[in-house]
Every structure is written in structure tokens, then in C-alpha cells.
Amino acid sequence: MDSFFPEYQSCRLCPRRCGVDRTAGAAGVCGETAACRVAHLGPHHGEEPPISGTRGSGTVFFCGCSSHCFFCQNIQISAATGAECAEGRVLTPEALFAEVKALADRDVHNLNFVTPDHFWPHIRELCRRLREADVVLPFLWNGSGYHAPELVPQVAEWMDIFLPDFKFAAPELARFCMGDAAYPEVALASLRAMVMARGFLDPCDPEGMHTARRGVLVRHLVLPGQVENSLRVLDLLHRAFGSELPLSVMSQYRPMPACRGRGEFARGVRKDEYARVCERVEALGFQNVFIQELAAETAFLPDFRADQPFAGNRGSD
Ligand code: SF4
């Protein structure tokens with residue numbers, strides 16, 4: 001039997017606060033109705049070492065997204081339409097529980113809910129059932145940083161680990177990329193709430209021999225031609241949380257089809273740009289930092305139309 005979640009009736013689950021009735025089949029900016037769509041479930045070895053460890057993180061990739069950055073690296077599942085989009089599968093709460101429980105039984109280090117905000121009522125119910133079924137793995141909230149701050153305390157009742165992005169410190173860049181100049185203040189408020197609820201990532205073992213049990217790790221993806229934005233993000237995070245804030249600097253940007261005609265977003269990140277960002281990380285004295293190598297190829301750029309979307313996971317799934 002399917003469940004009914006009243007939050008979907010006049011949906012305000014994310015900072016867009018569309019107010020649409022998703023139970024009646026309407027979709028807001030996130031592109032999703034009240035039917036929970038999942039694009040992929042499986043162990044993932046491409047997260048930071050304290051998250052992926054040696055056995056992988058149990059990822060559950062949800063379809064749709066409320067941020068809608070035009071450069072999205074997961075565009076196949078974050079956008080509802082377009083030739084490049086993968087459809088995902090609609091799962092009832094019962095089917096979702098059965099599939100995630102089976103994933104938990106595969107000896108992964110944690111359960112990692114990717115782009116979760118717009119399906120929070122389903123995920124809350126899922127977490128309740130998993131704990132009832134004696135699943136003791138840490139639960140992980142993995143999102144864009146664009147979260148409704150008032151939602152965070154109730155999410156933190158179930159989530160042990162938060163893995164938010166912090167994409168933009170420059171309001172004008174946020175408006176250009178995802179249509180909301182308020183991203184920086186929204187992301188900062190929700191990050192403060194996460195840190196208050198769960199503290200910093202613990203343990204934060206750079207080798208991944210001891211995987212994290214709780215806390216916050218912030219990610220920042222470096223964008224082509226946007227070094228000043230990255231420097232502002234780093235300064236802002238340092239001012240707000242200090243040098244012990246666990247931080248992951250990511251180089252994996254690749255231009256997507258929607259980046260054509262959008263200036264420097266149509267190219268990759270240059271070595272000199274990435275080096276300037278890394279220099280600022282060092283100058284600010286961040287102590288718990290993961291820096292992704294800048295490489296021409298990445299094994300963790302997903303193709304959700306393949307059975308195993310991440311080439312780097314093949315052979316382990
Ligand atoms: S989750 Fe979707 S429908 Fe709800 S407020 Fe956000 S964008 Fe709108």
C-alpha cells in the first residue's frame with residue numbers, strides 16, 4: 001500500500017517554496033511530483049575517503065533537483081526533460097525500503113541519499129523503517145547546499161552525516177547559474193544549522209580506513225573562469241566556521257551540452273585557475289581538506305543510462 005505525505009500538497013520543502021500540489025500530479029521547479037523517482041542505487045567508490053572507505057558508500061540517486069544549475073554534472077537525472085535525460089524508476093515506499101535495505105546488506109559503509117530535499121517525506125519514512133529493521137549504518141544527506149534552513153533540524157533527527165555543496169558566494173553568479181541570487185545566504189544558513197546539529201565530520205580520516213560516523217563535510221566545485229567566486233566561498237567558509245571545517249575541493253567540472261554559448265562555462269577548468277584556488281585553501285590554513293586531482297578524464301562522471309553509471313565503480317557492483 002502506498003503512503004500519503006501531506007508535505008507534498010502545498011510543497012515548501014526547498015527554498016523555491018513553489019506551493020504546488022504534487023499529490024495532484026503537479027511538479028515544481030524540482031520537476032518532481034509526489035511519486036518518488038530513483039535513478040540509481042549502488043555502492044559508490046568515488047566519494048571522499050571517509051565516506052567511500054574501502055567498501056563503498058551506499059548511494060541512492062534521486063531524480064529531479066530544486067537547484068537546476070545549467071552546468072549540472074548529473075543533468076541526466078536532475079532535469080526532467082531533454083534528450084540527454086534518463087528516466088529513473090518510480091518506487092513506492094515499500095519498494096524503496098526493500099531496495100535500500102538490500103543495498104545496506106551489501107556491506108557498504110553508509111547510506112548516502114543524493115539530491116534528497118524534494119523527496120524528504122519519502123526519505124524520512126525510509127529512515128524510520130530502516131532503523132526499525134536494525135540497520136545501524138550512518139545515514140548521509142548529500143545535496144546542493146540549497147536547502148531550506150528550517151528543514152535541517154528535522155532532517156538532522158535522522159541524518160548522521162551532511163555532505164552539502166557550497167557552490168556560490170557571489171549572488172550574481174548564483175542568479176546566472178541557477179536563478180536565485182539568495183543561494184549564498186540560504187546555503188550559509190542551512191550549513192550553520194547542519195554544523196550546529198552534527199558538528200564537523202568525525203572521524204575525518206584522509207586514508208578512509210576509519211569511515212565517518214557523523215558530522216559535516218562541505219564540497220566546493222571549482223568552475224571555469226570563476227576563480228573569484230571560489231576565493232569568496234573559501235573566505236566565507238573560513239570566517240564562518242574556522243580552519244577545522246572539513247572541506248572537499250573538486251576539480252571534476254566538465255562542460256555539459258547546456259554550457260554551449262555560456263562563455264567560459266563551455267570549457268574545462270584550467271590548471272592555473274585550480275592552482276589559485278588550492279593556494280587560497282593553503283593560505284587560509286584549512287586542516288581537514290580533500291583536494292581532487294585536476295585530470296583530463298574522470299571515472300566518476302556518471303552516465304545514468306548505463307547499468308553502472310560510474311566507470312570507476314565497474315567491477316565492484
Ligand atoms: S521541492 Fe520542488 S515542488 Fe517543493 S518547493 Fe522545492 S522545487 Fe517546489
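Remember, it's 1-based here, ligands and their atoms both numbered in the order they're listed. We number each residue from 1, following the sequence as shown.
For Ser66 and Asp117, the side-chain atoms include no donor-acceptor pair closer than 3.5 Å.
Of the protein's non-hydrogen atoms, the one nearest atom 8 (Fe) of ligand 1 is Cys18 SG, 2.4 Å. The protein heavy atom nearest to atom 6 (Fe) of ligand 1 is Cys14 SG, 2.3 Å.
Within the listing of ligand 1, atoms 1 (S) sit less than 4.0 angstrom from a heavy atom of His118.
At a cut-off of 2.8 Å, Cys30 is not counted among the residues with an N, O or S atom near atom 4 (Fe) of ligand 1. Coordination check, Cys11 versus atom 6 (Fe) of ligand 1: failed, since every N/O/S atom of the residue sits at 2.8 Å or beyond.
Applying the side chain to side chain contact (heavy atoms under 4.5 Å, CB included) test between Cys65 and each of Thr115, Asn74, Val29 identifies Thr115 as the sole match.
Aromatic pair Phe70/Phe176: centroids less than 6.0 angstrom apart.
At a heavy-atom distance under 4.0 Å, only side-chain atoms of Arg22, from C-beta outward, approach ligand 1.
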Carefully, step by step, assess His118 and Tyr8 under the rule ring pair (Phe, Tyr, Trp, His ring centres under 6.0 Å). CA-CA 9 Å; His118 50 288; Tyr8 292 140; 9.2 Å; no
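Not a single donor-acceptor pair under 3.5 Å links the side chain of Gln226 to the backbone N or O of Leu223.
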